[in-house]
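Below is one structure; the comments refer to it alone.
Chain letters run A, B, ... following the sequence lines, proteins first and then strands; every chain starts at 1. Keep in mind it's a predicted model, so treat the numbers as computed, not measured.
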There are 2 protein chains.
Amino acid sequence: MTRALSSPGIDRAAAFASDARGDGLAVSLVGECATTFEGRAERSLPAGVRTLLWKPDDTVLVHGATGRDPDAWASGGSVAVEATGDELFVRCDSGDAADALTVRFTAVQHAAAFDPADDDPEASGTEADLKERVLADPDIVEPGFQPRTTERETPAGPVDVYGRGRDGAVVAVELKARRVGPAAASQLERYVNALRRDLHADADVRGVLVAPEITEKARRLLAANGLSFSPVE
Amino acid sequence: MTRALSSPGIDRAAAFASDARGDGLAVSLVGECATTFEGRAERSLPAGVRTLLWKPDDTVLVHGATGRDPDAWASGGSVAVEATGDELFVRCDSGDAADALTVRFTAVQHAAAFDPADDDPEASGTEADLKERVLADPDIVEPGFQPRTTERETPAGPVDVYGRGRDGAVVAVELKARRVGPAAASQLERYVNALRRDLHADADVRGVLVAPEITEKARRLLAANGLSFSPVE
DNA sequence: CGGTTCATGTCGCAC
DNA sequence: GTGCGACGTGAACCG
């Protein structure tokens with residue numbers, strides 16, 4: 001189920017990769033390569049030693065020395081390997097967009113193939129998690145807050161938690177699991193404005209942003225729009 | 001400069017990885033592993049065959065069968081390998097946050113080490129590129145537009161292009177290289193509001209969003225705020 | 001399939 | 001270091 005080659009040379013590396021992917025395996029190549037990308041933007045990398053990962057879903061990743069994100073990548077299209085003399089080409093074409101990634105190897109030091117797992121993770125601590133907490137303890141939003149619905153639709157998009165305050169006013173709550181900036185404040189403002197426009201003209205609508213922290217610019221933005229922030233956890 | 005082992009077993013794999021990283025190399029492992037992450041959120045993966053990439057900057061990536069993004073990762077902290085009997089642990093601790101990733105291998109099929117490149121890419125077609133085009137041909141924004149400054153500071157953040165319209169009004173331009181949604185419209189609105197507040201009360205301030213495309217919701221949002229959209233490219 | 005939002009987003013840059 | 005916005009963002013969810 002797992003195979004590998006050391007210093008396979010261009011031709012054997014190409015055959016190895018082609019065969020392995022034909023068997024539904026993931027392929028990993030290590031070698032000297034350069035990349036070019038054209039489509040949504042143009043980007044190219046000079047020759048250098050990198051690792052290429054070609055997954056069963058035809059995602060192709062090229063990783064260099066640093067960073068979480070690949071130096072080059074392709075996904076959602078078709079992939080072809082081709083050995084032309086002393087160069088190995090991996091050509092990736094995206095069906096819909098005009099995206100095209102080409103990886104040109106001039107040497108392959110190592111090749112490996114394996115059958116990778118595809119399992120869903122167990123997760124918690126996300127925004128959905130925070131929603132549970134707010135529904136279990138609505139006073140987090142404000143004292144006396146009564147939640148009515150989650151993901152209530154408005155013309156501006158869905159409000160995370162929708163309910164009524166102790167004074168009967170409509171309250172729209174936007175939840176963020178992390179420190180929030182101006183974008184989150186604007187998001188809440190869009191929802192509140194949409195509700196004010198949609199509900200009866202005399203309806204009182206408030207907006208509360210619930211998050212562990214907020215930046216200063218976002219705080220001012222909320223204040224300028226009559227919205228409030230409620231820290232959590 | 002490149003090394004590899006097939007079916008090294010736990011102990012040899014641990015020593016191999018440790019040595020290679022000590023020499024400043026990147027390490028790639030393929031084997032049966034499970035992961036747990038705790039910190040900004042909690043997330044765990046069941047045991048399965050995956051590939052782990054441990055980069056010279058101590059970024060650790062765990063990739064499964066699908067997707068551009070890793071199934072688990074860590075970066076910006078310290079990494080330690082440890083072999084305890086029949087299990088190999090890769091423990092990653094982030095210095096600042098409480099982030100901690102643990103990868104537990106119960107088998108290692110392949111190990112490879114190499115000295116990866118770290119080159120900056122050549123890029124074009126980005127937002128900076130669009131700015132050049134607008135400055136070269138300001139009529140893209142609106143007929144008679146005269147750019148004055150780029151990245152002009154406002155209390156809400158920097159305006160991409162700042163200038164005057166044919167009528168003498170202040171014009172704030174927000175550039176996007178791709179299809180824009182409500183967030184971009186709100187961003188422009190924040191800048192325009194900040195300018196209206198900062199400039200003389202009688203100053204006429206307009207806002208123009210320049211992008212290849214716009215969603216319907218964003219278009220309505222612009223209209224509701226008296227802002228305009230100008231398609232490009 | 002398109003639109004919108006979430007993400008352990010990551011990454012770069014300026015203050 | 002923090003804040004802010006771009007990114008070939010990717011990925012899920014919902015109409």
Side-chain angles (χ1 to χ4, degrees), chain A residues 35 37-44 59 61 66-76 92 94 96-101 120-121 123-131 151 153-160 174-184 187 190-191 213-218, chain B residues 35-44 59 61 66-77 92 94 96-101 120-121 123-128 130-131 151 153 156-160 174-184 187 190-191 213-219:
Chain A
T35 71
F37 172 81
E38 287 185 23
R40 282 168 287 183
E42 275 82 64
R43 183 195 286 256
S44 63
T59 298
L61 309 176
T66 62
R68 192 199 81 129
D69 290 346
D71 292 343
W73 71 95
S75 61
C92 312
S94 136
D96 50 344
D99 290 350
L101 172 70
D120 291 329
S124 68
T126 175
E127 186 181 303
D129 221 56
L130 179 55
K131 192 191 299 177
E151 308 300 328
E153 285 301 332
T154 76
V159 174
D160 284 341
E174 175 62 27
L175 304 172
K176 294 292 172 188
R178 299 178 311 289
R179 185 179 186 83
V180 292
Q187 190 182 355
R190 292 199 298 273
Y191 296 159
E213 263 184 301
I214 187 169
T215 68
E216 192 50 36
K217 209 171 270 188
Chain B
T35 71
T36 61
F37 173 81
E38 287 185 23
R40 283 168 286 183
E42 276 82 63
R43 185 191 282 258
S44 63
T59 298
L61 309 176
T66 62
R68 191 199 80 129
D69 291 345
D71 292 344
W73 72 93
S75 61
C92 313
S94 133
D96 50 344
D99 289 351
L101 172 70
D120 291 329
S124 68
T126 177
E127 186 181 302
L130 179 56
K131 191 190 299 177
E151 307 302 327
E153 285 300 332
V159 174
D160 283 341
E174 174 63 27
L175 305 172
K176 294 290 171 188
R178 295 170 299 107
R179 185 181 185 85
V180 292
Q187 189 182 352
R190 292 199 299 272
Y191 296 159
E213 262 185 301
I214 187 170
T215 67
E216 192 50 38
K217 210 171 268 188
R219 185 184 293 277

- [ ] Identify, between A:Gly125 and B:Glu216, the residue whose nearest nucleotide on DNA chain C lies closer to the 5' end.
- [x]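 So the residue in question is B:Glu216.
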Task: Minimum side-chain heavy-atom gap B:Thr59-B:Trp73 below 4.5 Å - done: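 No. Closest side-chain heavy atoms not under 4.5 Å.
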Task: Whether over 12 other heavy atoms sit under 6.0 Å from B:Glu127 CD - done: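 Above 12, so yes.
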Task: More than 12 heavy atoms from other groups under 6.0 Å of CD on A:Glu42 - done: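 Yes, because the 6.0 Å sphere around CD of A:Glu42 holds more than 12 heavy atoms from other groups.
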From [X] [atom1] over to [Y] [atom2], what is the distance, rounded to the nearest 0.5 angstrom?
{"X": "B:Gln187", "Y": "B:Lys176", "atom1": "CD", "atom2": "NZ", "result": "4.0 Å"}
{"X": "B:Arg68", "Y": "A:Asp69", "atom1": "CZ", "atom2": "CG", "result": "4.5 Å"}
{"X": "B:Asp160", "Y": "B:Glu151", "atom1": "CG", "atom2": "CD", "result": "5.5 Å"}

Task: B:Leu61 CG to C:dC11 C1', straight-line distance once rounded to whole Å - done: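 Value for this atom pair: 14 Å.
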Task: Nearest-angstrom distance, C1' atom, D:dG8 to C:dA14 - done: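 Here D:dG8 and C:dA14 have their C1' atoms 24 Å from each other.
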TODO: Between C:dT8 and D:dG5, how far apart are the P atoms? Round to whole Å, please.
DONE: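 Comparing P positions in D:dG5 and C:dT8 gives a spacing of 22 Å.
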TODO: Summarise how protein sits on nucleotides 5-15 of chain D as a single string, 5' to 3': B when a protein heavy atom is under 4.0 Å from the base, S for sugar-phosphate-only contact, - for no contact.
DONE: SSSBBSS----
Open item on the list: Counting only side-chain nitrogens and oxygens, does B:Thr215 get under 4.0 Å of the OP1 or OP2 atom of C:dT4?
Closed with: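 Indeed, a polar side-chain atom of B:Thr215 lies that close.
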